[in-house]
Structure formats: C-alpha cells, structure tokens
Amino acid sequence: MPDLPPKPAAGVSRRTVARATAAAGLAALFGAAGGTARAAAATRLGPRTLDVSVPSAALGRSAPVRLILPSDFGARPEKKYPVLYLLHGAHDDYTSWTRETGIEAFTEGRDLIVAMPDAGPTGIPSVWRGGPDYETFQVKEVPALLARDYRASGVRAVAGVSTGGYGAMAHAARHPGAFTAAASYSGILDTTAPGVPPIMDAIVARENLPAASLWGHPLLNLLTWRDFNPRARATGLRGTALYVSQGSGVGDGSGGDPLPGVLESALWPSAQGFAGTLARLGIRATTHLYSGGGHDWPYWKREFTASWPMLAQALGVPE
C-alpha cells in the first residue's frame, strides 16, 4: 500500500499561501479542456492544482475550492473522472490538505479529481441557523460545477478531519447515495453526546460568532441538533463504504502541547457511540478506535493511508 508522502520540510501557513496568491496577480480564467467556457474564476497553482472561486447561492457569495486534476486531464478530453472530496477541520481552510500532506504527489498518476471545498472559519460544513448553507455548497453546488467544467463523473467519495470528519459522515448520512464512501478521521460523530455541544459552541465562539448561530440551543432546539447529528441519521449510511478512526488521546506520547490529546480524548466517547450505533443497525464499517493519539495531522495522515484501499475501491481507481 502506498504511503501518503510527508509534508514538505519547508511548509507554509495558510496566511503565507494567501499572501503569495495575492502577490501573484489577478486570478486568471482557467479554460477547461475541450474549450468549455465557464464563469468561475480560477488560479493555477501548479501543473495539476488550481483554486476555483465558485459563485454560491447557498452561501450568498463566492467561495474557494482547491482542485487537483488527474495527470492525463488535458490529454484525454473525452474522459470523465471520479471525485475524492477532502474536508478541512476547525479554524483552518481549504488549503489544509495540500499544506499538511503530500496529497498532490500521492494522487499523481491516479485517474481521479481531488476537490477540497471551503467550509468557513469554523470548518463545520452544515446548514447554519439563518446563515450560510455549507452543506448545499459542498454536496450540490461544487459537484455541479465539477460535472459541468471538469468532466467529473457521478462517482464520489468524501473524507475529512475533525469537523471535516463530521461533515463527511453528516453529508453521507443526510444524502444517501450521494457518496460511495465516507471516511472520518477524529470526526465529531455524535453532536449531542455528553460534553460535545460545549465543544461545538467553543469552536463557533472562537471565530467570534454567537453559539446559537449554528443550530440554536442544544436543548431548546434539540430536534435541529439531532437532524444534523451523524449518529442520529446513521440509517442513511447503509450501503455506503465507511471508515471511522479515533484515538483515545490518553498518553499520546507527544511530550509537547497537551491540547491535541485532550481534545481527542473528549471526542472518544462520541466515536464509540457512533460505531456502536452502526453495529446495532447492522451497517458495515471499518473502525479503528486506537489507544493514544492526538487531534492532529500526524495521526490523520496515517489514517488516510489506512483508509485509502476502501476509498480507492469505492472510486473505482487502483490502490
């Protein structure tokens, strides 16, 4: 099994990437192969990688998506490709997967499109209460753009870290059949489990947003919280290939910042409850609930590599 290449030694922050992109000049219109015209502005970042600005009615503004195109995209204008959606975590953005991993090198020579849509500063890709609808943006608007302009087929898989892991399972559960596979790495999989609503509120509050602006009060608006809860909507996952990983966060051995271990530990019961619900419903899933670990990229990269055979099979591409 191929390993996910490590993050380049000279990594840069998302702010540095943003400044570099701005300094590079105005966004260019990137013409799709075959001369198909489109309105979405795109900036080419490399031979296969580009940032696309997607006009979104669901968000009321344009929002970015980073794409990695197949190696033979320009040479085979008649070919359609499956899409792997990779979702970012809290307080990060759509550049995280290319910044923190070697996903570009990993997908070299594989016949698939990788799409990394933005989910806002909280990284919670849901329908906000009276606010933006990141679910529709990621599940409907971005796929429509990729089908129209980048020859995406209807075969899709989704994976995410942290709040992106929540998004992967929530999207698949709330839209049965939209994805052939879903993978969560340290995701928030039971939003109403004891101790989890305060974590969600803290994520929202850190971006200076009112806690109730997500789904309302966790008790007064319990039905809404349940509606967006992957565990409560688990029956919608039947027939979807699933991978669920979570560490206990106890004794992660990092010897540094304790926060990743503490956060991973806080989400441990949520993952266990979610996995238990899948088992009780007879929904097949590959689960890796491991001792230790932390809420951080070294563990998520490892888990992505472990889940890749499942994702590749669901996408119909070689491992």
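- Relative ring orientation between Trp225 and Trp215 is described as perpendicular, the plane-to-plane angle rising above 60° on a 0-90° scale split at 30° and 60°.
- Aromatic ring orientation, Phe137 versus Tyr134: perpendicular (interplanar angle above 60°, classes split at 30° and 60°).
- Defined by atom type and a distance below 3.5 Å, a donor-acceptor pair is missing between the side-chain atoms of His288 and Gln246.
- Asp51 has no carboxylate O lying under 4.0 Å from a charged side-chain N of Arg44, or vice versa, which leaves the two without a salt bridge.
- Side-chain contact between Leu311 and Tyr243 is absent, with no heavy-atom pair separated by less than 4.5 Å.
- Using modelled atom types, one finds a donor on one side chain and an acceptor on the other under 3.5 Å when comparing Glu264 with Ser186.
- Taking CD of Gln313 as the start and CH2 of Trp308 as the end, the distance is 12.0 Å to the nearest 0.5 Å.
- Salt bridge annotation for Glu104-Arg48: absent, with no cationic side-chain nitrogen under 4.0 angstrom from a carboxylate oxygen.
- Between Arg66 and Asp118 there is no salt bridge, since no side-chain N of the basic residue sits under 4.0 Å from a carboxylate O of the acidic one.
- Arg76 has a carboxylate O that lies under 4.0 Å from a charged side-chain N of Glu78, or vice versa, which qualifies the two as a salt bridge.
- Cation-pi contact between Arg233 and Phe228: absent, since separation from the ring centre below 6.0 Å together with deviation from the ring axis within 45° is not met.
- The CD1 atom of Ile68 lies 4.5 Å from the OG1 atom of Thr49; values are rounded to the nearest 0.5 Å.
- Shown here is Arg61, whose CZ atom has more than 12 heavy atoms of other residues, nucleotides or ligands within 6.0 Å.
- To the nearest 0.5 Å, atom NE2 of residue His295 and atom CH2 of residue Trp300 are 4.0 Å apart.
- Note that CZ of Arg99 is 4.0 Å distant from OG1 of Thr95, once rounded to the nearest 0.5 Å.
- For CZ of Arg284, the number of neighbouring non-hydrogen atoms (other residues, nucleotides, ligands) closer than 6.0 Å is 12 at most.
- In this structure, CG on Leu267 lies 13.5 Å from CZ on Phe274, to the nearest 0.5 angstrom.
- Remark: Asn221 CG to Asp227 CG distance equals 12.0 Å, nearest 0.5 Å.
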